[in-house]
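Note that the coordinates shown come from a computational prediction; the quantities given were computed from them, not determined experimentally.
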Amino acid sequence: QVQLVESGGGLVQAGGSLRLSCAASGRTFSTYVMAWFRQALGKERELLAAISRSAGVTYYADSVKGRFTISRDNAKSTVYLQMNSLKPEDTAVYYCAAANRLAPVQVASYYDYWGQGTQVTVSS
């Protein structure tokens, strides 16, 4: 069992930056692929970025490539999402997720554990 708790969301102006954190419980964090998703009002949940267990492989959605960076610190059981050049269309609830997989996966249903989400609002 893994519990995930996101933090770092908030209100930011367009062009600004935020850094989201997701702290995981348990001592098996390094065995999970980690990812960040978001869900805007009225839209489907969208995969933004994923990172392999050793951080050697990352995946980014085209919508955030070059602006967002996913990283992890296995010693701290924490995954991060650095978000730069934020746009109003980035406004959503952001979720971290964990998958007991060998490599990053893009399908939400493959992820076994989810955080409660943190709101990010980007004003124009």
Side-chain angles (χ1 to χ4, degrees):
Q1 187 79 8
V2 177
Q3 291 186 326
L4 304 173
V5 179
E6 301 99 336
S7 61
L11 174 65
V12 64
Q13 288 188 331
S17 298
L18 282 175
R19 188 195 196 201
L20 304 184
S21 299
C22 173
S25 66
R27 291 183 284 182
T28 59
F29 177 77
S30 62
T31 66
Y32 287 88
V33 165
M34 299 300 297
W36 286 96
F37 289 77
R38 70 184 176 192
Q39 188 165 19
L41 199 62
K43 295 188 177 181
E44 293 186 354
R45 192 166 294 192
E46 172 191 17
L47 173 65
L48 303 176
I51 189 166
S52 62
R53 298 181 295 181
S54 63
V57 177
T58 55
Y59 164 85
Y60 293 96
D62 287 343
S63 58
V64 303
K65 199 172 294 183
R67 298 190 299 126
F68 291 10
T69 303
I70 189 171
S71 61
R72 67 188 296 162
D73 185 337
N74 286 343
K76 295 182 178 179
S77 297
T78 302
V79 62
Y80 305 97
L81 186 68
Q82 177 66 44
M83 306 187 294
N84 299 329
S85 302
L86 283 162
K87 306 174 182 179
E89 51 263 45
D90 293 318
T91 295
V93 178
Y94 284 67
Y95 300 88
C96 70
N100 190 6
R101 297 274 172 170
L102 295 176
V105 290
Q106 300 178 31
V107 179
S109 60
Y110 287 170
Y111 286 82
D112 306 290
Y113 302 102
W114 293 82
Q116 82 288 350
T118 185
Q119 176 71 45
V120 172
T121 303
V122 184
S123 63
S124 57

Of all the heavy-atom pairs spanning L81 and A49, show the shortest one and how long it is.
-> CD1-CB, 4.3 Å
When hydrophobic residues are tied together by side-chain contacts of less than 4.5 Å, even through go-betweens, does I51 share a cluster with F68?
-> yes
Should the heavy atoms of other residues, nucleotides or ligands under 6.0 Å from CD of Q3 be counted, would the total exceed 12?
-> no
Going from CG on L18 to OG1 on T118, what distance comes out if it is rounded to the nearest 0.5 angstrom?
-> 9.0 Å
Can you run down the salt bridge (charged side-chain N to carboxylate O under 4.0 Å, His left out) pairs that involve residues 55-66, sequence neighbours left out, and say none if there aren't any?
-> D62-K65
Under the side-chain hydrogen bond (donor to acceptor under 3.5 Å, both in side chains) rule, what pairs show up with a residue in residues 8-25, not counting sequence neighbours?
-> S17-N84
What are the two closest heavy atoms between V5 and Q116, and how far apart are they?
-> CA-OE1, 3.8 Å
Other hydrophobic cluster members with L41, side-chain heavy atoms of Ile/Leu/Val/Met/Phe/Trp/Tyr under 4.5 Å, chained?
-> none
Is there side-chain contact between V2 and F29, with heavy atoms separated by less than 4.5 Å?
-> no
What heavy-atom pair brings V79 and I70 nearest, and what distance separates the two atoms?
-> CG2-CG1, 3.9 Å
Do the rings of W114 and F37 sit parallel, tilted or perpendicular, given the 30° and 60° boundaries?
-> tilted
Measure the CE-OG distance between M34 and S71 for me, rounded to the nearest 0.5 Å.
-> 11.5 Å
Can you find a pair of side-chain heavy atoms, one from L20 and one from V120, that are under 4.5 Å apart?
-> yes
Between OG of S85 and CZ of R67, what distance do you get to the nearest 0.5 Å?
-> 7.0 Å
Answer whether the closest heavy-atom distance between the side chains of L4 and Y95 falls below 4.5 Å.
-> no
Hits for side-chain hydrogen bond (donor to acceptor under 3.5 Å, both in side chains) against R38, two or more places apart or cross-chain, chain-then-number order -> E46, D90, Y94
Tracing side-chain links under 4.5 Å among I, L, V, M, F, W and Y, which residues wind up in one group with V57?
-> none
Scanning both residues in full, the closest heavy-atom pair of E6 with W36 reads CG-CZ3, 3.9 Å
With no hydrogens and no angle check, is any side-chain donor or acceptor of D112 less than 3.5 Å from a backbone partner on R101?
-> no
Who are the ring pair (Phe, Tyr, Trp, His ring centres under 6.0 Å) partners of Y60, not counting sequence neighbours?
-> none
Of all heavy-atom pairs between L11 and S123, which one has the smallest distance, and what is that distance?
-> CD1-CB, 4.3 Å
Give the cluster check for Y59 versus V107: same hydrophobic cluster or not, with ILVMFWY residues linked at side-chain heavy-atom distances below 4.5 Å.
-> yes
Just by distance, do the side chain of R72 and the backbone of S52 share a donor-acceptor pair under 3.5 Å?
-> yes
Note, Y113 side chain near Q1 side chain (heavy atom, < 4.5 Å) = yes
Would a distance-only check, ignoring hydrogens and angles, find a side-chain to backbone donor-acceptor pair under 3.5 Å from Q39 to A92?
-> no
Among Q82, M83, K76, side-chain contact (heavy atoms from CB on, under 4.5 Å) partner for Y80 | K76
Can you check side chain to side chain contact (heavy atoms under 4.5 Å, CB included) on R53 and L102, steps first, answer last?
-> CA-CA 7 Å; R53 298 181 295 181; L102 295 176; 3.2 Å; yes
Shortest non-hydrogen pair, V33 vs V105, comes out as CG1-N, 4.4 Å
